[in-house]
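So the structure is just underneath, and the comments pick up after that.
Basis for what follows: all heavy atoms, side chains included, without hydrogens, waters or symmetry-related copies. In this text the structure is predicted, and so the values were computed from the model without any measurement.
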Amino acid sequence: MPDSVMAFARFVLCGGGVGVASSFAVAALAAQVPWALANAAVTAGSTLVATDLHARFTFGAGGRATWRQHAQSAGSAAAAYAMTCAAMIALRATVESPGALCEQAVYLSASALAGVARFAVLRLVVFARGRSQTAAVAHAPLPVPTDRTAALTDREALCHAA
């Protein structure tokens, strides 16, 4: 399977798991505070968790996400927040009294669409630099001196070899 297909499968597994848990958290928290505030709080928390999961498992960044990656990921999370809010506002504007199941279906559908866009942003922007730099270093050819004397006097070659 191509790397991008496997990355998307891992993205769906990690992000989808966090998304489903988030939908229940939003519903529970919205019973206590206004829905938009509940969605904002859950979006912020789930973005932190999901970004770390994506750094470790989805895009193979080799560990926890950096603060730069968290900050960049926050932009796509803000767009996802706006998309889920717009979907819920549209639902409430068109359906007088939507049930919990209908609300969950609309919320998860909006989250899924936002998730596809987030995958593209995370893969092409947030985690692209680290992967391309690592790949460039890992695949860079080592200099090969043509004579032994040059190899023994070339400090850069000696340091690189060590």
[X] side chain vs [Y] backbone, donor-acceptor pair below 3.5 Å:
{"X": "Thr51", "Y": "Leu48", "value": "no"}
{"X": "Asp52", "Y": "Ala65", "value": "yes"}
{"X": "Tyr81", "Y": "Ala44", "value": "no"}
{"X": "Arg118", "Y": "Ser73", "value": "yes"}

Rounded distance (nearest 0.5 Å) linking atom CZ of Arg92 with atom CH2 of Trp35: 7.0 Å

Review item, side-chain donor-acceptor pairs of residues 4-16, under 3.5 Å, at least two apart:
{"from": "Arg10", "atom 1": "NE", "to": "Phe57", "atom 2": "O", "distance (Å)": "2.8"}
{"from": "Arg10", "atom 1": "NE", "to": "Thr58", "atom 2": "O", "distance (Å)": "3.3"}
{"from": "Arg10", "atom 1": "NH2", "to": "Thr58", "atom 2": "O", "distance (Å)": "2.9"}

Can you get from [X] to [Y] by hopping between Ile, Leu, Val, Met, Phe, Trp and Tyr side chains that sit under 4.5 Å apart?
{"X": "Ile89", "Y": "Val95", "value": "no"}
{"X": "Met83", "Y": "Phe119", "value": "no"}
{"X": "Val42", "Y": "Val20", "value": "no"}
{"X": "Leu108", "Y": "Val18", "value": "no"}

Any Ser22 side-chain heavy atom under 4.5 Å of Thr43 side chain: no

Report yes if some heavy atom in the side chain of Leu37 is under 4.5 Å from a heavy atom in the side chain of Gln32; otherwise report no. no

Might you point out which heavy atoms bring Ser109 and Ala105 nearest each other, and give the distance in Å? OG-O, 2.8 Å

Residues passing the side chain to side chain contact (heavy atoms under 4.5 Å, CB included) test with Thr66, sequence neighbours excluded, are Arg68, Gln69

